[in-house]
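Worksheet: one structure, shown below.
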Amino acid sequence: MTIHNSEIAAAFDRLADLLEIEEANPFRVRAYRNAARTVGGYSRSMADMVDKGEDLTELPEIGKDLAQKITTMVKTGKLPLLKEVESRTPGALSDLMKIEGLGPKRVKTLYKQLHIRSIEDLKRAARNGKIRELEGFGEKTEELIKQRLERFSGAEQRTKLLVAQEIATALVDYLTKGKGVKNVIIAGSYRRCKETVGDLDILLTARQDSTVMKRFVDYDEVAEVISRGKTRSTVRLRSGMHVDVRVVPDVSYGAALHYFTGSKAHNIAVRTLGVKKGYKINEYGVFKNDKRIAGKTEQEVYDTVDLPYIEPELRENRGEIEAAKNHKLPRLITLKQIRGDLHAHTKASDGHHSLKQMADAAAQLGYEYLAITEHSQHVTIANGLDKRRLLQHIKAVDKLNEQLENITLLKSIEVDIMDDGSLDLPDSVLQKLDLIVCSIHYNFNLPRQKQTERILRAMDNPNFNILGHPSGRLINERDAYDVDLEKVMQGAKERGCFLELNAHPDRLDLTDDGCLLAKQLGLKVAIATDAHSTSDLEFMRFGIGQARRGWLEADDVINTRPWDELKQLLKRN
DNA sequence: GCCGTTTTCGGCCCGACTGTTTTCAGTCG
């Protein structure tokens, strides 16, 4: 039983919560939270690294002690210190801290005064009006806790980027029309292109006399005003999304944008660099002895700490500061550099539009090529193609290509990888295609080793080019199947195959960590939309966002190349 | 508990808003 990074991170977070309730050294608490973030967001599995005897103290925020604790967790599945702390302080108190408005101090008071040790206990106490009687609490606080308990589900709900975008653009449009409003920009994890966002951070600059804050809380999608001030307000929308709006003066725009874009870890790192140079960096600017020396643009902020501009997608404190110092920042791929899409369906299987419609839409985006990758016969639910229909399909593509002027359709297929690692169509017909995407659509639950071997065996077939949606996960819906991604990547590299970064906003598969890992291993990826309609082709931008988060450059991505170059690249050894 | 082109000890980012208070603690981002 291998322990996942997320489980190690969860244990450290829980430990941090409990230590905070016990009023331990706040910096020690933070060390555990930092470690949780490092481990939870790391591209390689701690279990693998321990197995290989690698030095975990090389990781940021991991010292001797934490390296030891991680090793223990990998070997035994347990964190003895957590057990010890839980013997004094009930572990479920950590769950209480997930309720908005409850932090360590209040949870401690609830526990000590009312013996509340679980969500159920808290619900009962709130119902019975016990909470308002506590010192530091009151009627209003009790009422808020009650309301938030009703909505509390336990799991943190994050919104997929596409949905967030729909909500955000409507709100931005509304705010932009406010009196005296100058700039409106969405910052936070949205700007960093995270695959899901927790809440929306909207930054705006406005004239002194602007009434935009009132306009914001009056927005007809607002379900609850959580806080309202002159420079900052927070609401919950009917969709459940929380939105923060902050207003700053023009001279602070860059500093504020930098601060509200985050990530928190990146901000702390930059501010610490500032402190070392005798500066104070906050959302209003960079200050030396209370005198503002920078802050109108983000570039100015980075200038003060002697760093080049760092793109938002890189700001996770995963090495971008060091890379910036050493002038080793990647030149991140952009949407414009993409020359074609390598994964799309038409009516022939489960898509909504015809070959011609898809070709026209792709040409409209300025693409030079589009691979038509219908499902294969095994995926009956998607009307997958058998040998006969695939041959017809090849003819249809050839015929249409004769008419098309600005774009070439690539003859292709998304062929299923069977349980035994064979492909769902005979080699004799696969050989006739320009490019082959191979995917898993059934039997997600194989044990790790079997799943890994299944994919590697499939790659042994010389027709295999690209592994489609490599982990099979659906964001917020279905976990990735258990597979040794590093082995798969190494296998792909050795055989001259590639992995897809599926750009569909429900998938975004590879993850950003997956992209980083591929880059480290020297494996190139294909960014492709898995479009089932003409408008889906525009999902490419989400894939680009994810790729940028994974430090990918144009050279790391195969479909930045013209078709004749790409064709050479696809040739197996 | 981590970290070090000032340090192996002594630092560790910074400000807004709320509710409960009469000046501030707690929470959040």
Side-chain angles (χ1 to χ4, degrees), chain A residues 12 15-17 19-21 23-38 56-70 81 96-110 131-145 148 187-189 197-203 213 217 225-235 242-248 252 255-256 258-287 301 305-306 317 322 325-326:
Chain A
F12 285 156
L15 181 55
D17 284 346
L19 287 173
E20 210 175 4
I21 292 167
E23 296 177 61
N25 177 350
F27 298 107
R28 185 176 170 224
V29 172
R30 196 165 85 190
Y32 282 113
R33 292 205 194 284
N34 288 339
R37 202 164 40 215
T38 297
L56 299 177
T57 63
E58 299 276 311
L59 301 176
E61 314 284 356
I62 304 296
K64 218 173 142 197
D65 180 273
L66 280 162
Q68 187 53 53
K69 287 191 166 78
I70 293 170
L81 179 60
L96 294 180
M97 278 181 60
K98 298 197 167 46
I99 291 167
E100 201 178 345
L102 291 188
K105 298 289 168 59
R106 285 181 176 155
V107 167
K108 183 176 187 179
T109 305
L110 289 167
I131 292 172
R132 69 181 70 186
E133 295 165 5
L134 293 175
E135 195 180 333
F137 290 74
E139 254 181 77
K140 246 179 161 166
T141 304
E142 184 179 86
E143 191 50 41
L144 278 175
I145 289 174
R148 282 165 190 168
S189 51
V197 301
D199 53 18
L200 287 174
D201 292 294
I202 298 180
L203 173 69
M213 271 310 188
V217 296
V225 178
I226 292 169
S227 74
R228 179 182 173 178
K230 278 212 306 256
T231 65
R232 172 179 163 184
S233 298
T234 304
V235 305
H242 283 211
V243 185
D244 258 23
V245 162
R246 341 234 182 169
V247 184
V248 296
S252 301
H258 180 256
Y259 181 51
F260 297 137
T261 297
S263 67
K264 188 171 174 166
H266 175 88
N267 285 346
I268 290 175
V270 170
R271 284 183 178 195
T272 305
L273 288 178
V275 168
K276 283 179 187 153
K277 296 178 66 89
Y279 303 144
K280 182 178 71 171
I281 303 177
N282 60 28
E283 56 265 55
Y284 298 108
V286 180
F287 297 85
V301 176
V305 291
D306 298 329
N317 201 25
E322 292 70 22
K325 272 185 196 161
N326 300 323

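Only heavy atoms go into these numbers, but all of them, side chains included; no hydrogens, no water, no symmetry mates. A note on names: the letters A, B, ... follow the listed sequences, proteins ahead of strands, and every chain is numbered from 1.
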Strictly by Watson-Crick or wobble contacts shorter than 3.5 Å, is anything paired with dT8(B), and which nucleotide is it? none
Please set out all donor-acceptor pairs under 3.5 angstrom arising from side-chain atoms of residues 273-281 of chain A, sequence neighbours excluded.
unit_1, atom_1, unit_2, atom_2, d
Lys277(A), NZ, Asp306(A), OD2, 2.7

Pairing residues for Arg30(A) by the salt bridge (charged side-chain N to carboxylate O under 4.0 Å, His left out) criterion, not counting sequence neighbours: none
Residue set satisfying salt bridge (charged side-chain N to carboxylate O under 4.0 Å, His left out) with Arg28(A), at least two apart, ordered chain then number -> none
Please report the distance separating the C1' of dC3(B) from the corresponding atom of dT8(B), rounded so that it comes out in whole Å. 9 Å
Do the side chains of Glu20(A) and Arg33(A) get close enough for a salt bridge, i.e. N-O under 4.0 angstrom? yes
Any chance you could list the contact pattern along nucleotides 4-14 of chain B? Use B for base contacts, S for sugar-phosphate-only contacts and - for none, protein heavy atoms under 4.0 Å, 5' to 3'. --B-----BBB
Protein-proximity profile, nucleotides 22-28 of chain B, B/S/- by nucleotide at the 4.0 Å heavy-atom cutoff, equals ----SSS
Determine whether a donor-acceptor pair (N or O, by modelled atom type, separation under 3.5 Å) exists between the side chain of Ser233(A) and the backbone of Met213(A). no
With nearest nucleotides of DNA chain B determined for Leu81(A) and Glu135(A) from heavy-atom distances, which residue corresponds to the more 5′ nucleotide? Leu81(A)
Of Asp201(A) and Ile226(A), the one whose nearest nucleotide on DNA chain B sits closer to the 5' end is Ile226(A)
What is the distance, to the nearest angstrom, from the CD atom on Glu133(A) to the P atom on dT20(B)? 14 Å
Could you work out, with side-chain contact (heavy atoms from CB on, under 4.5 Å) as the rule, every residue matching Glu23(A), not counting sequence neighbours? Lys105(A), Lys108(A)
Can Val301(A) and Tyr259(A) be said to form a side chain to side chain contact (heavy atoms under 4.5 Å, CB included), step by step? CA-CA 10 Å; Val301(A) 176; Tyr259(A) 181 51; over 6 Å; no
Does the pair Leu134(A) and Thr141(A) meet the rule for a side chain to side chain contact (heavy atoms under 4.5 Å, CB included), with working shown? CA-CA 10 Å; Leu134(A) 293 175; Thr141(A) 304; over 6 Å; no
